[in-house]
**Q** 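For reference, the structure I am asking about is given below.
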Amino acid sequence: MTIPIVPKLLRSHLSDLAERDARIDGRGRWEGRELEVQHSILPRAEGSARVRMGDTIVLAGVKFQIMTPYPDRPNQGGLMCSAEVRPVAGRNWESGPPSPESIELGRVVDRGIRESGCIDVDSLCIIPGEKAWQVILDLFAISDDGNLFDAFALAGITALRNATVPAERFEVGEDYQLSVSKTPMMCSYHRVGGRFVFDATAREELGGDERIHITLGDDNNVHSLQKGLKGIFSAEEFTEIMDNAIERAEELRKIVDEL
Amino acid sequence: MTIPIVPKLLRSHLSDLAERDARIDGRGRWEGRELEVQHSILPRAEGSARVRMGDTIVLAGVKFQIMTPYPDRPNQGGLMCSAEVRPVAGRNWESGPPSPESIELGRVVDRGIRESGCIDVDSLCIIPGEKAWQVILDLFAISDDGNLFDAFALAGITALRNATVPAERFEVGEDYQLSVSKTPMMCSYHRVGGRFVFDATAREELGGDERIHITLGDDNNVHSLQKGLKGIFSAEEFTEIMDNAIERAEELRKIVDEL
Amino acid sequence: MTIPIVPKLLRSHLSDLAERDARIDGRGRWEGRELEVQHSILPRAEGSARVRMGDTIVLAGVKFQIMTPYPDRPNQGGLMCSAEVRPVAGRNWESGPPSPESIELGRVVDRGIRESGCIDVDSLCIIPGEKAWQVILDLFAISDDGNLFDAFALAGITALRNATVPAERFEVGEDYQLSVSKTPMMCSYHRVGGRFVFDATAREELGGDERIHITLGDDNNVHSLQKGLKGIFSAEEFTEIMDNAIERAEELRKIVDEL
Amino acid sequence: MGGYGDVQMIDENGVRADGRGPGDIRPITIETGVVPVADGSCRMTWGTNEAIVAVYGPMEAHPRKIQRQDRAVLDVAYNMAPFSTTDRMRPGFNRRSREVSKVTQDALESVVLLELYPRSKIRISIEIVSAEAGTRCVGLTAASVALADAGIPMTDLVVSVASGKINDVVVCDLNKEEDNYGEADLPMGILPNSGELVFLQMDGDLSQDEFKQAWKYNMDAAQEIHKLMVEALKEGDSQ
Amino acid sequence: MGGYGDVQMIDENGVRADGRGPGDIRPITIETGVVPVADGSCRMTWGTNEAIVAVYGPMEAHPRKIQRQDRAVLDVAYNMAPFSTTDRMRPGFNRRSREVSKVTQDALESVVLLELYPRSKIRISIEIVSAEAGTRCVGLTAASVALADAGIPMTDLVVSVASGKINDVVVCDLNKEEDNYGEADLPMGILPNSGELVFLQMDGDLSQDEFKQAWKYNMDAAQEIHKLMVEALKEGDSQ
Amino acid sequence: MGGYGDVQMIDENGVRADGRGPGDIRPITIETGVVPVADGSCRMTWGTNEAIVAVYGPMEAHPRKIQRQDRAVLDVAYNMAPFSTTDRMRPGFNRRSREVSKVTQDALESVVLLELYPRSKIRISIEIVSAEAGTRCVGLTAASVALADAGIPMTDLVVSVASGKINDVVVCDLNKEEDNYGEADLPMGILPNSGELVFLQMDGDLSQDEFKQAWKYNMDAAQEIHKLMVEALKEGDSQ
């Protein structure tokens, strides 16, 4: 992603809005964009999802491979999560090797899902020490209007919950549903016009400062945190965000549970 | 290859010539350059050839490796064809990773040879499911004065027909001649000064437009086609080229057969 | 490393000094900088050393891996030597793939150690044809004030002599000292102000010309030579350097032997 | 081409395993405006293929060295998403994708009125999110719709379609199984108004007569697909 | 996090295997001026971690396209030397190192007075020559000392430290074994004078209450480490 | 060096397996003008080695940052073709080729009158199309002939040749088998008119006396090879 010249006008406009507790698209400070979640939309993937949050659109696909378990963990399969933001998704994304931004995207989403323990890696073993399933979750951006983090995380957990283990194709038994025991949810906050807001758009990201990503489990346990970009925040600000994330995560989890 | 500034003067000169049905080096529209084909010229290769077409010179070398057959094709070996145009061959070729031009060169020549079925991959099996020969055909440009495609294709099939399977060195039996059952021939046409000509030189390529590559088998069956570069052509133009290619391919095949 | 603009003033200053047989830091022509050699300084390495020559500081670390012996040498392990000069070590070193300079550094030091035969690769065999030790010597620059070659070579042989084969960790027996039968020493000479000097600083390298590296074994046998950079030297100049290297190498070997 | 003659894919009445006749194409849907942040976009499904194409530009061409004083440059990237294939496709450099990108770019540069936008760049991203057979045809066809959706002037739309051969019979628009065991593949890029070509590849084995039949099937299918493209663009405009 | 609950790493009295209490940190040493050719540098040992940091600059930012008209840019590279880990670390590109470099750079850009040096670059090289656990904290803390040693103005030093959870008990500053089997890791980058944060990551599993305890341990440890940093800088000045 | 002392490669009368005496070199042929599109070129066979060298330039040095205001730069690339070795050589980056390119460039920059062509570049491509032993010597020698063929002024030609040791006997110009089992290798780049050196490498094990003998063999062989180079250049001129 090339460094966009941050327009000073945009920054000052966002500050003015913040003073009146307003946002550029009319939303409230903690209000998310219109959300649409679909699953089973990719014919070649064993599990898939499409998430639309306003003009941000992403896909997630789950594929399976047979792996040899690591010698020190002969009863475990693996989970790999990889995020790609290719030039299709926006004017500022460029082709070439993965940018630091897309590496961070992948690693932060991966951590939230992995650390929640939602996939029981012991259940992925086929023959101890010989064969196990490797689950590969690929996150793919179609249209980036900001907050790819939450869109990826939401599409990712939805695709996993949608996934069928293709045992027949690999000739190791009958197909069965991948077991996903938890539903971690990521909530992202950007500092815009001086204060943090939920689910920022691309213009808010462009004229904003640091961001904080929180992944919470079903029981409000914290599974991953990440602060991104240059910026200083206080303990009080963080507490406010954490409290809000507990509410937002619950709302999102309800949507996924009802699919 | 850096983008050469196409000299408008050259283009208009080539148009003038075309109007008089003439070419820059005095040849007729369907006339190839002086041709020289040699084989057995590389001491370390198991098969080799050198082709000179005017000031275009290329080498082809065949090497063998032992491979494990693919699980779904336990009785088959493999054929790999790779083309390199390094800076030695001309002022505009640069070092570094393979350029789109040289990737296209390799793939087009490879397809013509592979699709003709001239190498029976079943005959390359040594022990079913365990060992098979991988034939590697390397095409290497020494001097690029245009139409590397036909030079590579001609050198490639000549080197394959010249190749000895080095079974003794790999301790799997006695050496024997590689069986090459067909002699596919590629003929390339460039649009120069508005109409298509056979066997273009580098200057004709520089001042020309799209090109069309046709590979024909012994029975005039079509094995591969490729249109390259920006340009629009009509069905009538294509028919004329195809008819010419049938004649040219026969002439070339005679030369190879008589080596 | 970016090409530094060689300051003409520096070159002429160095020439003036050379005429008076003087050096920029007051040393004699064949005099090395103050030297400090330490070993066992890296907790995670199986052998390690730190060398300080004036303001040039380097580390060397030895690690072991289990390898499968090459089919044609079933009773032999391996030695790999790799040198890295990262941006930490100086203003002109840049990140990215290894520069030609650092590749040369690694290969020259590697050759001196390898060709001396100081590591008996037969002694690295664990189970013939199945398992052998691969010794990996990593040379790492902390501060580059010139003559990284000799600093790397000295740290390298010291770290090897300090190394313990970690057989217990790999569950193939008891730990034991790596056997190092010889102590090759590299001495490097740079042409500065027209004549060769020993152990050049970064400023002398910057304002100098070609360099010559000599590695001598315990018996003064020659194990490796390398001339680097543009420059012409005579047989007489070389003889003078070789004679000096015999003296210098003996001094350095004494220091290592006394550690 | 695989060329395994023993798999029966077409019966003596010319009916193919999926019920199509020799000259029939698979079902197609086309939709524009599917990438909201792009200047133009298209989603095309064709059998179980799905391509998403976004067009950005005309915009400043940088780095400067790729600029052309007298015309725009296209920057076409064809890519297969990791979940688009039965065996996961590893992301990253790939010779096949590079070559498809190049021939697609050559085809589109033949129709876009590049000289209207000197020094600028038009970026065309073709993402195959589900692959069956014939993805390069889907990508090229969808790209020309996306260019039209972006309002980029062209001399004509490009319709791309392939015919091939199965069990020694020439048929149009191979599906996945036909492609695996087929004996030839002839993809073409056709200008529907003039019948001229901007793209042509072929591999396999076709006699001169078979070749002519495959060519004809492609020409006929192009007319049919062209209608769907025009409809989709009209629908997009009316929204 | 590994989360192997059956390895006993802390006893019923809250004493850890290496003798520390839950809130105690490992031994730390800090030294400046260790890279003679650099503009500022720091060597920090922390348990058996060792980081060496060199700072070069401010100097001209090149290539030109990375220049910012109104401020300096930082160029932070975190790297683990090949001999820094039990299994040799292969040199070269590495996603983890890239990410650590990025979050470290984000943290340092939050405190360096960048606008004092328009168009220039400050290069910060963090080399982990021995790794135990918590190398990103060691690197970030040592980098802020090296910046101070180079005389680069900052609003505050950055102290980085991590707490975590072992055997369901929250503890500060995990050592190698605790990190291998621990159930959570919460590294923070703290400004010791204001208690504000410039760096925050976490993974594993912490209840809201555990999270608050880990946060508190980090805040307390930061004050302790800050004293050592100030001492080292004073010693460096007096030499 | 391999150093397998039990393979007998030279008998008690100093006769080597291929019939040569200790100081004899293998057969050499030299031809110029072999790359018609280049400004100068040379094909050299030496035993079963074959090198083809093309010289392009002087031409504008680009990118600009490699330009030198006061002189030309050389851009030397040594490469082994995939079919040049018994086991196929994979194309692409290769540390050995990089190093040989660098030492060859250093040697040639020592003799080319670079200051005659400020801001320009001379490109020298060395392709080993058949490799036996001593390819770097063949490449460097052939490159100096190709430079002369291109009319680039030099202070002298460079002759490169290597001596070594087999079965504890010093011999000149090792062939493939001698190189595999040899105990030392001393390649030098010699200016035949002055006896000075522009290139020197060595590895293996040579006593000080053996070293002097190897040095002498190289000096003598250089005179012999120089004659062949001059002849080839005269022949090229007369065509």
**Q** Among the options C:S48, C:A89, C:P98, C:S95, pick out the one with the most heavy-atom pairs lying under 4.5 Å from chain E.
**A**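 Between C:S48, C:A89, C:P98, C:S95, the count favours C:A89.
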**Q** Quick check on C:A202 against chain E: is it the side chain, the backbone, both or neither that has a heavy atom closer than 4.5 Å?
**A**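 Contact with chain E: none, neither part.
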**Q** Under a 4.0 Å N-O cut-off, is there an ion pair linking E:R88 with C:D138?
**A**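 Here E:R88 pairs with C:D138 in a salt bridge, since their nearest N and O are under 4.0 Å apart.
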**Q** Minimum heavy-atom separation for E:Y56 to C:P87, with atom names?
**A** CE1-O, 3.5 Å
**Q** Counting heavy-atom pairs closer than 4.5 Å to chain E, which one of C:G90, C:A45, C:G61 comes out on top?
**A** C:G90
**Q** For the OG atom of E:S41 and the CD1 atom of C:I142, what is their distance to the nearest 0.5 Å?
**A**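 Rounded to the nearest 0.5 Å, the OG-CD1 separation comes out at 10.0 Å.
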**Q** Please flag which part of E:A81 lies under 4.5 Å from any non-hydrogen atom of chain C: side chain, backbone, both or neither.
**A** both
**Q** Against chain E, label C:S82 side chain, backbone, both or neither, depending on which of its atoms sit under 4.5 Å from a heavy atom there.
**A** side chain
**Q** Taking C:K63 for its side chain and E:S84 for its backbone only, find out whether a donor-acceptor pair lies under 3.5 Å.
**A** no
**Q** Surrounding CZ of E:R96 (heavy atoms of other residues, nucleotides or ligands, distance under 6.0 Å), is the total greater than 12?
**A** yes
**Q** So what's closer than 4.5 Å to chain C heavy atoms on E:V34: side chain, backbone, both or neither?
**A**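 For E:V34, the contact with chain C is made by the backbone alone.
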**Q** Closest heavy-atom contact between E:T48 and C:P43?
**A**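 Smallest heavy-atom distance, with atoms named: O-CG, 4.1 Å.
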**Q** Under 4.0 Å between a side-chain nitrogen and a carboxylate oxygen: does that hold for C:R169 and E:D87?
**A**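 Salt bridge between C:R169 and E:D87, a charged N being under 4.0 Å from a carboxylate O: yes.
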